[in-house]
Each structure stands twice: as structure tokens, then as C-alpha cells.
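Structure, as C-alpha cells:
Residue numbers start from 1 in every chain, and the chains themselves are labelled A, B, ... in the order their sequence lines are given, proteins ahead of strands.
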Amino acid sequence: MKLIGFLCNWCSYAGADMAGTSRIQQPGDLHIVRMPCTGRINPLLILKAFQEGADGVLVSGCHPGDCHYNDGNYYARRRLELLARMLPAFGIASERFQYTWVSASEGARWAQVVDDFTERVRSLQ
Amino acid sequence: MRIGVFVCQCGTNIAATVDTEKAAAAGSLRDVHHAETIQYTCSDPGQRAIIDAIREKELTRVVIAACSPRMHETTFRRAVTRAGLNPFMMDMVNIREHCSWVHSDVDTATGKAIDLTSMGVARVRKQASLFSSKVPVTNRVLVIGGGVAGIQAALDIADAGLPVTMVERGPSIGGNMARLDKTFPTLDCSSCILTPRMVEANQHEQIDLMVNSEVDTVRGHVGNFEVDIRKKATCVIEEKCTGCMICQEKCPSRAPDEFNAGVGESKAISVPFPQAVPLVANLRKEHCRQFIRGKCGVCKKVCKSGAIDYEQEDEVTTERFGAIVVATGYEPYDWREAYPDYGGGQYPDVITSLQYERLLSASGPTGGHVRRPSDGEEPRQVVFISCVGSRDESVGRPFCCSVGCMYIAKQAILTKEHIPESQSYVFYIDIRAGGKGYEEFTRRAQKEYGAVYLRGRVGKIYPSKGKLMVMGTDTLSGEQVEIEADLVVLAAGFAAAEGAGELARKLNISYDQYEFLSESHPKLRPVETNTGGIFLAGACQGPKDIPGSVAQASAAAAKAIGLLSKGELETSPMVAAVNQTRCTGCFKCRDVCPYNAIEAVEARDGHQTARVVDSLCHGCGVCNVACPPAVISLKGYTDNQLIAETLELLR
Amino acid sequence: MSAYSYFPGCSLTSSAGEYDTSFRLVAGTLGIGLDEINDWNCCGASPAPHHWGGNLGVMLPARNLHIAGYGHEAMVAPCAGCYNRHKNAQHELAASAELREQTSRILREPLRYQIEILNLVELFDREISPEALAERAQGRLEGLNLATYYGCLLTRPAKIMNFDNARNPVSMKPLLRATGAQSDHFPFKSECCGSYMGLAKKEIVLRAGRRIIEVAKDLGFDAIITACPLCHQNLDLRQSQINKTYGISLEMPILYFSQVLGLALGLSADDLGIDAHMVSARKLLAKISGSAVDPASPAKSGDATEPTATLSGIGEAS
Amino acid sequence: MAIRVSTTIADGAALVADIERRSGERVSACYQCGRCTSTCAAAFAFDYPPHRIMRLLQLGQVDKVLNSRTAQLCFDCMTCSSRCPMTIDVANVIEQVKMIADEHGIRVNKEKSIRLFRRAFLKNVRRHGRLHEARLLTWINLRSFKPFNDLAVVPLILRRKKVHIVPPKIRNRREIHRIFHEVNGNGGGNGNSDRHGGGK
Ligand SMILES: Cc1cc2nc3c(=O)[nH]c(=O)nc-3n(C[C@H](O)[C@H](O)[C@H](O)COP(=O)(O)OP(=O)(O)OC[C@H]3O[C@@H](n4cnc5c(N)ncnc54)[C@H](O)[C@@H]3O)c2cc1C
Ligand SMILES: Cc1cc2nc3c(=O)[nH]c(=O)nc-3n(C[C@H](O)[C@H](O)[C@H](O)COP(=O)(O)OP(=O)(O)OC[C@H]3O[C@@H](n4cnc5c(N)ncnc54)[C@H](O)[C@@H]3O)c2cc1C
Ligand code: SF4
Ligand code: SF4
Ligand code: SF4
Ligand code: SF4
Ligand code: SF4
Ligand code: SF4
Ligand code: SF4
Ligand code: SF4
């Protein structure tokens, strides 16, 4: 399975680092791409990823209100919610896409997110 | 294009689960002309190997698969610079935190490491050289919070010759340490060591002390912050007040005594405590008759200096700073709601340790004679309970307060010194005494001062015939125990200062779920935050004792001084840029930019186009997505790079 | 007027008859309709779940829930034990389709189990506001200081009972205060009274009971208020045993929540079954000004029953 | 486990795992603060106070736990559970110990009366559908050879009309019999008593 995770550098990427530092085991399907901010994520990039055969795409950023760039994640949320609603029209099960928040101190939560998302996509295979 | 791939083994940290040789075989990818594994890439020989390979193989781009870029990106950017490459021609791939440490299966981890490395190669192939520019910085530091940590940081910075503004929201600096009686493990008198430093801070010509003040808004970024500071109206003109306390004496309105942690009473107008710095009265409107009933005016009448001004209003000033040190400290956890079994605050003789400090202190409400609040009697049996609101998941406070064990031992010793006939009992779970001389200190409390330590958490406290019955357990003997106490002292846990989270949001720094402010790296960047130019000192970052707070304060000061010492800062080149010839002038980018970093310029043909102001752009990339013709692009994270990286995985 | 399905439970039909009587009386006075569940059965109390891996403890209550579900949205179980058992059973039924199927098979009908289950405090809290009660009570219970006693079963386990704060229950307080009485903090309000150990392991119960009553007395309470027949039994019925065993004399009246509300509403102490208790509440009644009770009248002795009657019971059971 | 265990029933670790599964609790979460014991009204009568039960389970000493009087005496009041700082449902853990002890036929002699009580109670309910308190009382006293236990209060009870002389019965007793039959038929202790509905 090929899963892609687009993570903001400040919160979620650091949270994933924290999961690593704490050695919290996770399934190995997800590949993380570092972004400055979830606000940098172009929905078209996600569509493209699905088009090229991604089994799932996960986007994770800072909690609302905690964005390193003040409100980049609000822009992201607006764009990505729209995308999520459109996915079925492209024949992509909406379960294959998830948008969530993980902070730099939430290593355990990150691992849980990976676990759940992987499991969710796997059950669709 | 000649790309080099270096796969780090990190000793066994990576090599134990990732077959690094196989990962390096991404060397067979297009444009890759060199690949090797290195045992410790960040070490000196490791870096040298990279530099040598760049030179020998004439590499033009480099991928390093190792730990998190948050750890060593700068290290390796510097290394490739030494080899003559543009620092941004290097890209890191995280095969440790995101791979070897979270997978135990070698095949899984190796497969993923190969994927991630190839993705890195795909990405670096599209990378362009980037160049940073320099901006001048403001040579002034803001210190928020005037506890021992804030004072230390301010003095260190001011002594280095930089002007400091210290913003304290209370009426005096000194923080919680000013409330303490003696300090462990040496038992020196807290105010004897703190007061001189408070005075020094006040008199230092480089330090501008602002009490009763708070930070309103923060703009700008490292090197050039612009801060609005609100000085709250206290109805006392600071410059005129001499601290004579006549107003306090004559004021008819009682008010809680905040400095004494609620033991004892004060007046609506008061000097916070005799050693306060600045020694100035302040009036609390919520308790003052003049404001509640519209009539009194006594203080104004008796003040010989004419310092009272009921019409005073908040003042907001704006200042520029190059760096900020946050030292907002802590508050004792409000245990009452969470521990109804301990009376929930209804028994006057169940008090917190901080309140007990005030009862022990010669400058406290009882003049240093330990008297219990209910009837003023001298207690004979004193029970201390540790970890109240600490190490307790059921009330959402799983962490250790880190000082409770120590100050309980201190207070048990002091109790014996004050009342030789007294007997102290200490309920504890583990005794945490990790510092220098600490363990010896807690042993002394038991051996020399006869404190009886019982290992167990107390179940219930209830009043009975003028005493307090403490029902607990001694888990070491396995017995339930019950102690008749005259006074019960709770080591209430550490909580972040009220509003710490809100301040953090203003400063754009992160904080944890308990609102303790987050350091950038727990070991290697313990005083930095994730936002450049903002540093942490003291208990605002997490539970800490005085030595720890002071050490961190000096470290934060050193960081701030270091930052400003060069007079200018290199800006990150990872900013957005507009392809002006194709820009339509719709300004969707300007609408979304959180930093107003986009301005309009007139092109030669007269139509308006967008331009990014490098020094204002933070590189978030929000504009990149908003631009309809996709002509504004974030350097280092261009669409091409992200697509290449993604497609490489799905290949 | 809202009608509730009513589950009295075994205790309220025998040893705690006065709880039943006072509850019905107060409910009637307040216009709360009660329909007793037709042909209800014992909920299994604590031995059932402890004995057969829990399923017996689910199915006995399930039958009651099923019957109560005909035509009612909510049922009230004044006995804290019954309340607890039924809520537990409901929780387990909700979690297990297998259990639901099994129960349906036994009942030979698709099981209905989702009826809302209320305890008595919850019910009154819903049906009368403190302000309304205060108006009707006109401070009748002024001068009393009443200890609220919740015991274990009303609030625990918190995740399932979902009632009040398990560490610091407070729900009786507003209504008690509305009666004009004082109700100070009682530190032993959620302490265990010894539960059903009374019959099998008396020393535990006596010790637990002693402490609860002693502390209440020490703190100057006039009575302990409970909403559980088992608590009542352990504190009232056994008080003489406590006194005897420890050579003390406690004399602490234990009243049901419903009885206190009844007194506040001006109902007669006799009708509320105050004298059914072992520890007389007469002194306490004398303290109340303007009460409908005549403090002078001596405790009524119940119709004397021949003690031999119990012996026949022994004969049959053994 | 490096610690020597002298388990007579089965391998300690397996049973601890079983207790954990049934209760949905992790015994390793306990950090031995003793608050459960501090709050327990019955601990004085136990051989192992609740925190030591948790400790013995952590060490895999299941035999001691299964044979303990604690397992029989604990009345599941959940005071400990509601106070545990680690939010462990201690009472539930002990409850599972008790059930496993029952399933293994362990009889803790000193605490016979409690078993007797439970049996008598259920027998009573099974027969009538409701409980006859007087009968229960006398039956237990006879069986436990303490015929005068509680007898002093009996006349008082009777005088206050607290007990019916005629046993209460419900009409549809067949349904009750079917319930008893069903749970018996299913072999009882199937670990379905997790009151959190399947663990945490
Ligand atoms: C009972 C007790 C006894 C102790 N005994 C000892 C001891 O013997 N030895 C020892 O080493 N340690 C002891 N400690 C720990 C010691 O108190 C702390 O380590 C120390 O006070 C931390 O200093 P600080 O400057 O970081 O924080 P603080 O002392 O809390 O100072 C923070 C300051 O920041 C201000 N502030 C907060 N928020 C804002 C804001 N938004 N804007 C502006 N200002 C703000 C506050 O008003 C305060 O003045 C004890 C602690 C307790 C509770
Ligand atoms: C088994 C163990 C495990 C640990 N695990 C952790 C952990 O997981 N996390 C953690 O945070 N901490 C851990 N620590 C603690 C950690 O090792 C220390 O905190 C840290 O190494 C201290 O760094 P330092 O630079 O002060 O001292 P050191 O690492 O001791 O460095 C001092 C250096 O000074 C040199 N030196 C000494 N004398 C002289 C001299 N006269 N002239 C010139 N050079 C001299 C020495 O050769 C040495 O290179 C652990 C410690 C131990 C023993
Ligand atoms: S306000 Fe006036 S009276 Fe009060 S302390 Fe200051 S100078 Fe003295
Ligand atoms: S106006 Fe009166 S009440 Fe107010 S502070 Fe002054 S003296 Fe006190
Ligand atoms: S320092 Fe001591 S008192 Fe404070 S939480 Fe840690 S163990 Fe408890
Ligand atoms: S001496 Fe070391 S090992 Fe022992 S308690 Fe202290 S920190 Fe732990
Ligand atoms: S990258 Fe972010 S900060 Fe920079 S111009 Fe674009 S929106 Fe503004
Ligand atoms: S969004 Fe694009 S096209 Fe529009 S002004 Fe900005 S850069 Fe130009
Ligand atoms: S209260 Fe909880 S953590 Fe403490 S000893 Fe008991 S079970 Fe363990
Ligand atoms: S449930 Fe058992 S162990 Fe827990 S407090 Fe009650 S009697 Fe004690």
C-alpha cells in the first residue's frame, strides 16, 4: 500500500519526530512529505497523487489556532474540506483522504492517527 | 547534474532496522553518481566524507538520509557549503524518527527507507540555488515576567550592554520566589538572596521596568518585533508614590492578600509587600469603595505626595525589540475542585505549601510564628501530602511537579525548627531528589529532624473534634494508617501561569496541553522556541526549581545576546517569488498572506503586479496555492518539487 | 403530569416499605405519576453478577427493562442497588448484540431495553425545582442540618451511572436546602457503608457504619439522608449493633430522601413511615418548627407479630 | 518472568493476562500509590489490601491472589476505582479474580459465609422471582452455624412490619426459570462482565 502524508514542519512533522523519539511503533505504509504549512498544500497535488495510484493521502497540521503562520491551517481546512467533498465525484472513496491535527508534543496521537488511517485504507483494499 | 546519496547508520539507531546498504542503492537512480553509507554522518569524519565525495566526484547536489532535518539540516547545509555547494542543494531524508525508530521489521523499514531516499533524490533534482539576504536588527530585548528567571535574564542581557524592557503583570517583580521563606537545599533565606537582585534590576540603567503591564499584541519577527505593551491603570502615579503605606493604613476596604497566597488580608490600596520592587502602592478597583459605591476618597486625602489619581487610564505603548525572553513562571495548581476528599478547600487548616511558606516566613501574616488558620493555635502534628494535582491521571495532571518532594522536606525541617515539639508526617509516593545535595537534604529531614515518611497516597481528610483525620496507607508495611493532624499541608502541583497559552498565541510559539511553553528541542534547544528570536526561561517551560530557572534564564540571555550581537540577521531564502511577467494582478495572494508580505508594483506596461517583500515573507506558501495562474511560487517547496517527490513514491 | 414506570424492587416491598410508601406519597403530592412495572422481578442485586459471569446480572434486569418499555419513556428505581443493576445491564446490552439476542430468545419477543433509568434524586431533581419546593416547604425544616449520604451505587462506576460527580456527589443538596434545612459538606457522603456484607461479614459493615455515623454526629448533623435501602439498613438497622459492639451510643436518625421531601411538603411523619426506622427520629422532628408532626406522640409500635412466624420460614428454606 | 512463582493452578502470566482481558485494565498501570487501600472500608479485614493485590498481579503471583480472602471479601463498592489516580478500575480487577477463583473451584474456607449468602440469595430469587428477606436471613444463619447472628434485630424488624411473612412471588416464574436455565446452560463465567463494555 502506498500512503502519502503531507505534514507541516512545525507541528505534525515534529509530532511524528516525537513518536519516533518515543519509539512508538507504526505500520510502514505511510510516507511523509515535509511542508512548511498545510496552507501550502494544493488540492490538485492530492488529486494528482490519487490519479497516479496513491492508496491514501493524509494531511496533518497544527491544531486550529496554533498555526505557526497564524492561520495557514484555516486556509488549508477550507480548501481540503472542499476537496474531501469532491473526491467521490472523481471515483475516490472519501475514506482514502484524511485531514487532521497533531501538535509537536503529540507523538502518541500521531502514531494513533497513522494506525487508524492505515487500518481504514487497508480495509478498503 | 551529479547527485550524491549518503545514508547514515547512526550507529545502530538506523542500521539495526534499515539495511543501509540497500537504501544507498538508490544510487542506481538517474543522475546519482555517488552513494555510500556512513556510520555517524553528523560526526566530524562523517561530514568530512561528504565534503570529500562532493569534491572528488564533482557532485552538484546531495541527499542525506539520516535523522530528522529538524535535528541536523543546518549542520549539513553548512557542510556542503564548505565543499563549495549552495547550502540549499542539500536535502535531508528522515529515515530515523520516521522509519527505523517506528518500525521493527527490517523489510518494512528498509523498503520505506529506499522509497524516502528516492523521493529525496527526485526532489533535489528540481532544486535551485537559493541566496539569503541580510536585515538589520533592533538592539533591544523584551523580557516578559519578572520572577527570578526574568530578573536573571534581564540582568545578564543588560550587563552585556543591551537595553531591556521588563514587563511584569503584577504590582512587583520577584514572582513566586519572593513568597518563599527559605530555599532548599541550603536553607538560605529567599528574600535575602532575591531582594538585592530585584533592586539591582530596578536601578540598572539599561533596564526599563514596567509593572502592572502586559503584552497586548506582537508583530514582526526575529530581529524586529513590534510589541504593544499595556500598562494597566492602578490609580497610583508611580513616579509620585513614595511607598509610605499611609494610604494602606487608612483605607477602610479589605481585600484578599495575594502576595500571602490568600492567608491573611490586605486593603484595597496597598503596597504588595514590604520588599516590593518598585515600592509603590496600587489600588484594586474591584475592592475599593470609591469604585464600588462611588464614594470614599480617603487615600487621596491622606496621600501627602498627591500620587492618587482615580481617573487614571490604561496606557498602551509600542516598542521594537530584536529578541524576546518569556519568563512567565507558574502558579500552584488549584486543587480544590479535583480533591473533594481533601475537603475541597472547605477546611481552613488544609492549606497549600505556598501558603505554608507564608506562615513560615518572618515577613508573613503571622510574623514567622507558625499558627494554623482556623484558631491561631500552634500545630503539633503536621501532615504533608505530596503530589496533589501531580502524577494523577484521574484529574488530568500526570506529570511530576519536580520540586514538591524537596520543598516538603524543607518545610518539615523548618517546622521542627519553629516548633521543636512538633511532629511532621510526610505522605509520598516516590521521593524525587535529583539535584546536587538534594538526596542528602531529604535524608536529613528524616534522620535529623525526625519527619516520618509514609509511602502512600492519602484517601481522605475529615474534621473531627478540632483535628483533621488523615486516612492514608503506608504501602511499605501494607497498613492503613490514620493520623490526627493539627495542620495539613498539600504540595499542590505546578500549573502554568494563567493566560500562558494566550500569550503564546500572541507570540506565535507553541505550548503543551498544560500550557507550559514548548522548547524547540528537549535536549539540544532547551531555551529556544520554534519561533526565531523568542526564548524561554524558568518555570514557564515546565516545573523547575530556582537553580534550574536561573540557569535557563542565563542560557536564554546568552541566546538573545548572541542573536543580536551581529547587528544584522540573515533572512531565510525560502520565501515566495512572483513571476511578474505572467502575474495577472488579481491579488488573491495578497488577500491570503498572513504577513502582509505582498505589495503591488507597477509593471512597465502600467498594469499592477504582485511582488513579495522578502524580509516580511515567512515562507508559509499559502499564496502559492491561492494564485490562479500558479505564478507565485515558494522557493524550496515549488510545485515541481512536490510533484516530483510524490510521483517518485508512486512510480 | 408525567408518568414514570416504577420499579420498587424487593427491598421496598419488605424491609424498606417506608421508602416505598414515602416515595409514592411524595410523588402523588407533587403530581408525579407512577406505574408499577407489571410482574417485575428481582434485579439480582449484587450476587447475580458476581456469580454467573455476569449474564444473570444482565438478564434479570433486562426482563424488567423490557416490560417497563411498554408505553414509558423513563423508569424510576428508588433503590440505589436496583438503579445500579439496571443501568449496568442496559450498558452491557447496548454493547453486545449477542446478549440482546439471548435475552430476546428467553423473553420470546424482541427485547426493548433502552428506556431511560432514573434514580429517585434524579427524578425529583427533574420534577421539582428548588425554588418551587422552597415555596411549598416554607422553611419547614429550618434548624436541621442534614448530611447527604450517597454511598456507592448511585454514582459508581461513573462511566456507566453517568450521574453526578462520583468523587463529590452534590445532587441532593439543592432540594434539601430548599426545605429550609442546612446541609453542610459531609466528608463521608460517598463512602461505602458495607454493602451486602451485612449478612455475611458483619464486622466490616459495623466498622464502616460506625465511622460514617460517628463523623456525622461529630460534625453536628441531625440526620443522615440516604436514597438507598441497603445503606439505610446498614446505618439504621445495624446502629444498635454498632452501639453494642463498640460500647457507644450514636442515636443518629437515618432518613430517606423521599421522607425528608415529604416532611418539607407538610406530609405527616406517620404517613411517611418515619417510625418504621430503628433509630427514632422523634427528637429531630421536635426540632422542626411548624411541622405537622406532633412531637409528643410516642413511637407507634407496629402490630405485634408472633416471632414463631420466622421459624416456619427457617423450616421451609432449609 | 524472572521472579519465581509458586502457582498451583496455571502459569501466572497467562492468568494475569486473562484477568487483564476480562477487566479491560492493565495491572502494569498501577504505580503502587496505595490510594485504593487508603479509601477501602474493608481492607482491614483483607489479607492483602487492594494495592497489594495489584502488586501481586504485577509479579504474576496469581495463586496468592486467587486464594486470598480479599477476593471473597471485597464487596465491589468501587470506592477504590473511583479514587485511583491512574483510573484503574481496581474493583473490577478484584471482581475478575473472584470469578476466576470461583471457576477454578477455589474455596477460601474462612470466607464461606459470603459464598453461602450469594447462593442463598440466588436460590431465593430463582424460586420466587423476588427476594424473601426473612427467609434469606434465617437460612444463612443456620447454614453458617451462627444461628444467633442478627437474631437480636429480628423482633425489631418484625415489630416494624419490615418483613413479609408470606414470600412474594411473581406470576411469570417460567421466564425467570428460563433465565437461570440459560445462564447455567452457557456455563456461566464467560468473562462478559466487563462493565466498560469491552475494555478501554
Ligand atoms: C511551596 C513552594 C516552595 C518552593 N521552594 C523552593 C525552594 O526552596 N528552592 C527552589 O529552588 N525552588 C523552590 N520552589 C520553586 C520556585 O518557586 C520556582 O522554581 C521559581 O519561583 C520559578 O521562577 P520563575 O521566575 O520561572 O517563575 P515565577 O516565580 O512564577 O515568576 C513569574 C513571573 O511572571 C509574571 N507573569 C506571569 N504571566 C505574565 C504575563 N502574561 N505577563 C507578564 N508577567 C507575567 C508573574 O506575575 C511572576 O511575577 C518552590 C515552589 C513552591 C510552590
Ligand atoms: C548510563 C548513563 C545513561 C545516561 N542516559 C542519559 C539519557 O538518556 N538522557 C540524558 O539526558 N542524559 C543521560 N545521561 C547523562 C548524560 O550522560 C550527561 O548529562 C551528559 O553527558 C553531561 O554532559 P557534559 O558535557 O556535562 O559532560 P561529559 O559528557 O562528561 O563531558 C565532559 C568532557 O570533558 C572532558 N574533560 C574532563 N576533564 C577535563 C579536563 N581537565 N580538561 C579537559 N577536558 C576534560 C571529558 O573528557 C569529556 O569529554 C546518562 C548518563 C549515564 C551514566
Ligand atoms: S500612594 Fe501615597 S500614601 Fe500611598 S504609599 Fe504611595 S505615597 Fe504613600
Ligand atoms: S478610595 Fe477608599 S476604599 Fe478605595 S483604596 Fe482609597 S481608601 Fe481604600
Ligand atoms: S516532585 Fe515529589 S511531590 Fe512533586 S509530583 Fe514529583 S513526586 Fe510528587
Ligand atoms: S541515584 Fe540515580 S538511579 Fe538512584 S534514584 Fe537517583 S536518579 Fe535514580
Ligand atoms: S509565502 Fe506566506 S508569507 Fe510569504 S508571501 Fe506567500 S503567503 Fe505571504
Ligand atoms: S495571485 Fe498570482 S496572479 Fe494574482 S496577483 Fe498574486 S501572483 Fe499575481
Ligand atoms: S490507587 Fe490505583 S495506582 Fe494507586 S495503588 Fe491502587 S490501583 Fe495502584
Ligand atoms: S471495591 Fe473492594 S477493594 Fe475496592 S474499596 Fe470496595 S471493598 Fe475495597
Side-chain angles (χ1 to χ4, degrees), chain A residues 2-6 8-11 13-14 16-46 48-49 51-55 57 62-63 65-72 74-76 79 103-106 111 114, chain B residues 67-71 92-94 96-105 107-109 111-112 115-116 119 123 501 504-505 508-513 516 518 520-522 530-531 574 592-595 618-626 630 634 636-637 639 642-643 645-647 649-651:
Chain A
K2 298 226 163 155
L3 309 180
I4 307 181
F6 295 107
C8 86
N9 180 47
W10 305 99
C11 294
Y13 194 91
D17 278 1
M18 171 76 102
T21 332
S22 329
R23 311 293 199 279
I24 309 174
Q25 298 297 298
Q26 300 152 31
D29 311 81
L30 186 85
H31 297 68
I32 294 171
V33 173
R34 184 159 73 129
M35 295 276 190
C37 173
T38 47
R40 169 66 189 88
I41 294 166
N42 198 327
L44 293 174
L45 177 63
I46 295 172
K48 179 127 188 115
Q51 223 169 39
E52 301 291 332
D55 295 301
V57 176
C62 311
H63 285 267
D66 289 356
C67 177
H68 183 79
Y69 303 102
N70 297 342
D71 35 32
Y74 288 119
Y75 289 111
R79 292 166 185 159
S103 79
S105 56
E106 294 177 324
V114 177
Chain B
C67 55
S68 171
R70 294 167 43 82
M71 184 96 181
M92 273 190 86
V93 166
N94 186 345
R96 192 177 75 173
E97 282 84 348
H98 292 185
C99 189
S100 71
W101 277 352
V102 294
H103 307 310
S104 44
D105 176 55
D107 288 341
T108 306
K112 183 162 158 187
D115 283 344
L116 289 172
M119 288 160 77
R123 181 188 157 82
R505 285 195 294 274
N508 209 348
I509 58 179
S510 33
Y511 52 96
D512 66 19
Q513 65 198 105
F516 287 117
S518 304
S520 185
H521 187 282
N530 275 339
T531 300
M574 287 193 161
V592 296
C593 175
Y595 301 98
H618 285 214
C620 67
V622 171
C623 55
N624 199 146
V625 185
L634 179 61
Y637 289 98
D639 287 348
L642 293 174
I643 292 171
E645 195 174 352
T646 307
L647 295 193
L649 171 68
L650 304 170
R651 208 162 45 101

Under a 4.5 Å heavy-atom cutoff, which of A:E52, A:Q26, A:K2 has the most pairs with chain B?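 Result: the option with the highest number of such pairs is A:Q26.
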Sort [X] into side chain, backbone, both or neither according to what part of it lies under 4.5 angstrom from a heavy atom of chain B.
| X | answer |
| --- | --- |
| A:S103 | neither |
| A:D29 | neither |
| A:L44 | neither |
| A:C8 | neither |
| A:R34 | both |
| A:Y13 | both |

Residues which pass side chain to side chain contact (heavy atoms under 4.5 Å, CB included) with A:S22, listed by chain and number, not counting sequence neighbours: A:M18, A:I24
B:A504: partners by side chain to side chain contact (heavy atoms under 4.5 Å, CB included), with sequence neighbours left out: B:I509, B:Y511, B:L517
Name the region of B:T108, side chain, backbone, both or neither, that has any atom closer than 4.5 Å to a heavy atom of chain A.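 B:T108 touches chain A through side-chain heavy atoms alone.
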For A:Q25 and B:W101, indicate whether the former's side chain and the latter's backbone hold a donor-acceptor pair under 3.5 Å. yes
If we ignore hydrogens and angles and just use 3.5 Å, is the side chain of A:R40 paired with the main-chain N or O of A:G72 as donor and acceptor? no
Side chain to side chain donor-acceptor pair (under 3.5 Å) between A:D17 and B:S68, worked out: CA-CA 7 Å; A:D17 278 1; B:S68 171; 2.4 Å; yes
Identify which of B:S520, B:P69, B:S100 forms the greatest number of heavy-atom pairs closer than 4.5 Å to chain A.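 Among the listed options, the one with the most contacts to chain A is B:P69.
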